[in-house]
Enquirer: 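Handing you this structure, nothing more for now.
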Amino acid sequence: SIDADDAVASDNGVVYYSILNQEPKEPKPQMFTIDPATGVISVISTGLDREKFPVYTLTLVATDLNGAGLSTRGMAIITVKEINDNAPVFDPSEYMESVPENEVGYEIVRLSVTDNDERQSRAWYASYTIIKGNECGHFKVITDRENNDGDRKS
């Protein structure tokens, strides 16, 4: 990168970028790198997990004279985006219920799942499907968007 008020023909106008510090230092102390010539920050390690560490703060240094001159510090705040990296888990894992005859719309059971993705995000919303035992289509499950529970009705 070029320092606008220094001559381009000398190293005075050449800026060198570096990362001085990363917080948090987990899961690894060097999750990011910066291109010393362009200042482009990139991820260099696996392990970013929004549920554990949603935000990283990098302390940056920019030094002219190609890294040997005057310097300044800055900060980069990096937010880790949510992805669907956690499967929902039934709680409990098995349900046994009875239903009265001929009562259409009767609430049979309220299904419950936990999902460690960000609450109310696209990745968090559950969709329930009856994969066996509903061949005639007598039952349906409606997802409650507030708590992700499923109402199984006849």
Side-chain angles (χ1 to χ4, degrees), residues 1-97 107-134 139-153:
S1 180
I2 305 300
D3 186 344
D5 64 351
D6 285 332
V8 178
S10 73
D11 281 345
N12 287 351
V14 180
V15 177
Y16 180 89
Y17 298 95
S18 61
I19 297 174
L20 184 64
N21 189 39
Q22 167 193 300
E23 289 298 332
K25 296 183 182 341
E26 298 179 53
K28 298 174 186 166
Q30 290 184 316
M31 296 297 296
F32 306 94
T33 188
I34 190 167
D35 184 295
T38 65
V40 173
I41 298 170
S42 303
V43 178
I44 59 166
S45 187
T46 60
L48 290 177
D49 187 344
R50 191 215 51 85
E51 287 80 21
K52 293 180 182 173
F53 308 105
V55 176
Y56 286 85
T57 303
L58 303 180
T59 304
L60 309 173
V61 177
T63 308
D64 65 6
L65 199 56
N66 202 23
L70 301 173
S71 65
T72 186
R73 289 186 184 190
M75 305 269 274
I77 310 297
I78 300 170
T79 302
V80 181
K81 289 183 181 180
E82 174 62 84
I83 62 168
N84 191 12
D85 60 340
N86 294 288
V89 177
F90 277 104
D91 181 28
S93 62
E94 187 175 309
Y95 296 84
M96 298 285 290
E97 298 294 330
E107 184 177 307
I108 301 168
V109 67
R110 189 171 264 284
L111 305 172
S112 179
V113 296
T114 56
D115 191 319
N116 288 331
D117 289 315
E118 182 178 6
R119 189 171 173 81
Q120 303 295 323
S121 71
R122 265 184 79 185
W124 178 79
Y125 287 121
S127 176
Y128 295 88
T129 305
I130 301 170
I131 57 173
K132 187 176 179 187
N134 193 35
F139 304 101
K140 64 181 178 179
V141 179
I142 301 167
T143 304
D144 182 328
R145 291 305 215 186
E146 292 299 313
N147 58 24
N148 240 1
D149 286 351
D151 275 337
R152 184 170 170 192
K153 298 189 176 206

Enquirer: What closest approach, in Å, do D115 and W124 show between heavy atoms, and which atom pair accounts for it?
Expert: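 What the structure gives for the nearest pair is O-CD1, 3.5 Å.
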
Enquirer: Calculate, to the nearest 0.5 Å, the distance between atoms CD1 and CD belonging to I142 and E107 respectively.
Expert: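 Between I142 CD1 and E107 CD, I get 9.5 Å after rounding to 0.5 Å.
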
Enquirer: Can you name the nearest heavy-atom pair linking L60 to I34, along with the distance?
Expert: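 Heavy atoms of L60 and I34 come nearest at CD2-CD1, 4.2 Å.
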
Enquirer: I'd like to check the salt bridge (charged side-chain N to carboxylate O under 4.0 Å, His left out) partners of D149; sequence neighbours left out, ordered by chain and number.
Expert: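 With neighbours one apart ignored, the set is R110.
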
Enquirer: D35: which residues meet the side chain to side chain donor-acceptor pair (under 3.5 Å) condition with it, sequence neighbours left out?
Expert: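 Counting only residues at least two positions away or on another chain, D35 forms a side chain to side chain donor-acceptor pair (under 3.5 Å) with T38.
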
Enquirer: If you count every heavy atom of other residues, nucleotides or ligands that lies below 6.0 Å from I44 atom CD1, does the total exceed 12?
Expert: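 More than 12 heavy atoms, drawn from other residues, nucleotides or ligands, come within 6.0 Å of this atom.
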
Enquirer: Does the side chain of Y17 reach to within under 4.5 Å of the side chain of V15, using non-hydrogen atoms?
Expert: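 In contact.
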
Enquirer: By side-chain contact (heavy atoms from CB on, under 4.5 Å), which residues pair with E146, not counting sequence neighbours?
Expert: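 Partners of E146 under the side-chain contact (heavy atoms from CB on, under 4.5 Å) test: D144.
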
Enquirer: Taking all non-hydrogen atoms of both residues into account, name the closest pair between Y56 and L48 and its distance.
Expert: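 Closest pair (atom of Y56, atom of L48, distance): CE1-CD2, 3.5 Å.
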
Enquirer: Give a yes or no on whether the backbone of L20 and the side-chain of T59 come within a donor-acceptor separation of less than 3.5 Å.
Expert: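 Not confirmed, T59 side chain does not pair with L20 backbone.
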
Enquirer: Enter the distance from N116:CG to K52:NZ here, rounded to the nearest 0.5 Å.
Expert: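 These two atoms lie 10.0 Å from each other.
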
Enquirer: Do you know the tightest heavy-atom contact between S71 and T63?
Expert: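 Heavy atoms of S71 and T63 come nearest at CB-OG1, 3.2 Å.
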
Enquirer: Do you know which two heavy atoms are closest between P24 and F53, and how far apart they sit?
Expert: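 In this case the closest contact between P24 and F53 is CG-CD2, 3.6 Å.
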
Enquirer: For side chain to side chain contact (heavy atoms under 4.5 Å, CB included), just list the numbers for T46 and K28, CA-CA rounded to whole Å, side-chain angles, deciding distance to a tenth of an Å, and then say yes or no.
Expert: CA-CA 9 Å; T46 60; K28 298 174 186 166; 3.5 Å; yes

Enquirer: What are the two closest non-hydrogen atoms of G47 and P27, and how far apart are they?
Expert: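 Heavy atoms only, the tightest pair is O-CG, 3.4 Å.
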
Enquirer: Using distance only, find each side-chain donor-acceptor pair of residues 73-83 under 3.5 Å and give its atom names and separation, not counting sequence neighbours.
Expert:
from	atom 1	to	atom 2	distance (Å)
E82	OE1	R50	NE	3.0
E82	OE1	R50	NH2	3.1
E82	OE1	E118	N	2.5

Enquirer: Under 6.0 Å from the CD atom of Q30, do we count more than 12 heavy atoms belonging to anything else shown?
Expert: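 No, the 6.0 Å shell around CD holds no more than 12 heavy atoms from other groups.
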
Enquirer: In chain order, what residues pass the salt bridge (charged side-chain N to carboxylate O under 4.0 Å, His left out) check against K25, with sequence neighbours excluded?
Expert: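 Partners of K25 by the salt bridge (charged side-chain N to carboxylate O under 4.0 Å, His left out) criterion, ordered by chain and then number, come out as E23.
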
Enquirer: Taking the side chain as every heavy atom from C-beta outward, state whether L70 and L65 have any atom pair closer than 4.5 Å.
Expert: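 Of all side-chain heavy-atom pairs linking L65 with L70, none is under 4.5 Å.
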
Enquirer: Using a 4.5 Å cut-off on heavy atoms from C-beta on, say whether the side chain of L111 contacts that of Y95.
Expert: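 Y95 reaches L111 side chain to side chain.
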
Enquirer: Measuring only between side-chain heavy atoms, which start at C-beta, is V43 closer than 4.5 Å to F32?
Expert: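 Sidechains of F32 and V43: in contact.
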
Enquirer: So, using ring-ring contact (aromatic ring centres under 6.0 Å, His included) as the criterion, who are the partners of Y128 when residues are at least two apart?
Expert: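 ring-ring contact (aromatic ring centres under 6.0 Å, His included) check on Y128 returns nothing, list empty.
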
Enquirer: Starting from the C-alpha separation in whole Å, work towards a yes-or-no answer on side chain to side chain contact (heavy atoms under 4.5 Å, CB included) for V89 and V113.
Expert: CA-CA 5 Å; V89 177; V113 296; over 6 Å; no

